[in-house]
Amino acid sequence: MSLHAQHFFTDLLDLPVHERRVIGDACYAVLSPDSPLRLRIEFAQTIREREYVGLRLSLLHPDRGALDHAYLSFADHGTFAVRDARLGKQPGHDGYGVVRDWHHDDTSPWIGAAVIPLSHAIQDYLKVWTPEPSPPPSSADSARRRPAQLDTDPDPSRGCWLTDADFLTRLHQATPLWLDIVDRVLDDGLPLTQALTGSCEYVAQLLDIPPAFGLLVEAEAAARIVHAAGLPAGTLRGASVAQGLSHIATLPVEDQHHLVRAAARGSTIDAPAHLPGQSRPAPPPQPSPDRTR
């Protein structure tokens, strides 16, 4: 009997492909119009001639050849479970879970075959090589990720961001988010100074800020931490921020965590210690209790 490959591959198997062609006893499929990958499905033969025990899948590339192979057995996917149960055949019996074309009548061997599990297995295999695109973010996710969304990011070479209120708001809101990341990075054992630097990539990726503005986020985050410790921050280009960070980095990690969290909240806590060589500002003089106007 014939394997009726055309009927099996075209009418029975549900394949998520763009196009398929049956040549001989094999099926060739185009996965998608813009993909160079091709799928070939053949019947897997046993040691006996013209006896087949499953399907053999091959993923092909026109330039790189065969990229991967997979094997799906009829027995594992219950293709002939009903037939074998009717005939009283069990695993190990001759003819269990196989299909043959030893005869010359025109009866299709696929009558009563359960091919849906095979179709699902092939679909799962193809999803590994052609993953579905990620769904677009919801409006709520976009709002959380970028509170003040702009149609286009400002060009830092033109300086327009200085007068762009919406973008300045985004920069300001990016700083506490970056401080939260720094707080978590401290748990990995990195010093505070290292945890604060190198944010350009992360800001661009996680906070939707152009990489060119990452340094601004770093600088503001550093100044906030120093200010949260009650230490003088001065200007971003001055030495006070660097001195303050160096001093804070010598504190216990738990104290550093408290300062980073306070900076993210925009609050100030008492400094654990003052900088060497610096004294705290003296409190303003109080009027004498017995002094009268």
Side-chain angles (χ1 to χ4, degrees), residues 1-139 141:
M1 66 180 178
S2 169
L3 281 176
H4 293 263
Q6 183 75 39
H7 172 58
F8 177 78
F9 289 123
T10 304
D11 301 328
L12 298 183
L13 277 186
D14 183 17
L15 302 178
V17 297
H18 172 65
E19 186 180 4
R20 74 186 84 178
R21 291 285 186 273
V22 178
I23 303 174
D25 287 337
C27 176
Y28 293 82
V30 179
L31 301 189
S32 63
D34 55 350
S35 173
L37 298 180
R38 301 293 184 265
L39 176 68
R40 181 177 64 206
I41 309 177
E42 305 167 284
F43 295 104
Q45 186 172 321
T46 68
I47 59 174
R48 293 179 177 179
E49 186 179 2
R50 295 161 61 180
E51 181 183 81
Y52 306 93
V53 72
L55 301 178
R56 190 174 304 280
L57 282 56
S58 299
L59 196 70
L60 309 175
H61 189 279
D63 299 324
R64 298 163 58 188
L67 301 180
D68 191 70
H69 300 282
Y71 166 71
L72 305 175
S73 74
F74 295 141
D76 290 344
H77 294 84
T79 307
F80 299 106
V82 175
R83 181 202 68 183
D84 292 341
R86 185 180 69 250
L87 298 176
K89 293 184 178 181
Q90 299 179 2
H93 291 182
D94 180 55
Y96 175 80
V98 300
V99 63
R100 297 163 172 165
D101 62 342
W102 291 357
H103 309 290
H104 299 286
D105 57 56
D106 200 38
T107 303
S108 172
W110 309 114
I111 295 177
V115 299
I116 293 179
L118 282 175
S119 297
H120 289 171
I122 297 173
Q123 292 170 18
D124 290 340
Y125 175 79
L126 293 180
K127 286 179 181 178
V128 175
W129 294 95
T130 56
E132 298 177 357
S134 301
S138 64
S139 56
D141 291 337

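- Taking OG from S108 and NE2 from H7, the interatomic distance works out to 5.0 Å, rounded to the nearest 0.5 Å.
- Within a 6.0 Å sphere centred on CZ of R38, heavy atoms belonging to other residues, nucleotides or ligands number more than 12.
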* **Worked verdict on R100 versus E51 for salt bridge (Lys or Arg N to Asp or Glu O under 4.0 Å)** => CA-CA 5 Å; R100 297 163 172 165; E51 181 183 81; 2.6 Å; yes

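- Side-chain atoms of S35 never come within 3.5 Å of backbone atoms of L31 as a donor-acceptor pair (strictly under, hydrogens ignored).
- Less than 6.0 angstrom separates the ring centroid of F43 from the ring centroid of F8.
- A salt bridge links R48 with D94: at least one charged nitrogen is closer than 4.0 Å to a carboxylate oxygen.
- Side-chain contact annotation: D68 with Y125, donor-acceptor N/O pair under 3.5 Å present.
- When all heavy atoms of A44 and R56 are compared, the closest pair comes out as CB-NH2, 4.0 Å.
- The side-chain contact (heavy atoms from CB on, under 4.5 Å) with R40 is formed by just one residue from the set L57, L60, I23, L59; it is L60.
- When atom types are taken as modelled, the side chain of W110 and the backbone of L3 share a donor-acceptor pair closer than 3.5 angstrom.
- In this structure a side-chain-to-backbone donor-acceptor pair under 3.5 Å is present from R20 to F9.
- Between L39 and V30, every side-chain heavy-atom pair lies at or beyond the 4.5 Å cut-off.
- Judged by distance alone, the side chain of H93 and the main-chain N or O of Q90 form a donor-acceptor pair under 3.5 Å.
- By the neighbour-count criterion of 12 heavy atoms within 6.0 Å, atom CD1 of I116 is sparsely surrounded, having that number or fewer from other residues, nucleotides or ligands.
- In this structure, H61 contributes its side chain and D63 its backbone to a donor-acceptor pair below 3.5 Å.
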* Asked: Does the pair T46 and Y52 meet the rule for a side chain to side chain contact (heavy atoms under 4.5 Å, CB included), with working shown?
  -> CA-CA 6 Å; T46 68; Y52 306 93; over 6 Å; no

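- Looking only at distances, a side-chain donor or acceptor of S119 sits under 3.5 Å from a matching main-chain atom of V115.
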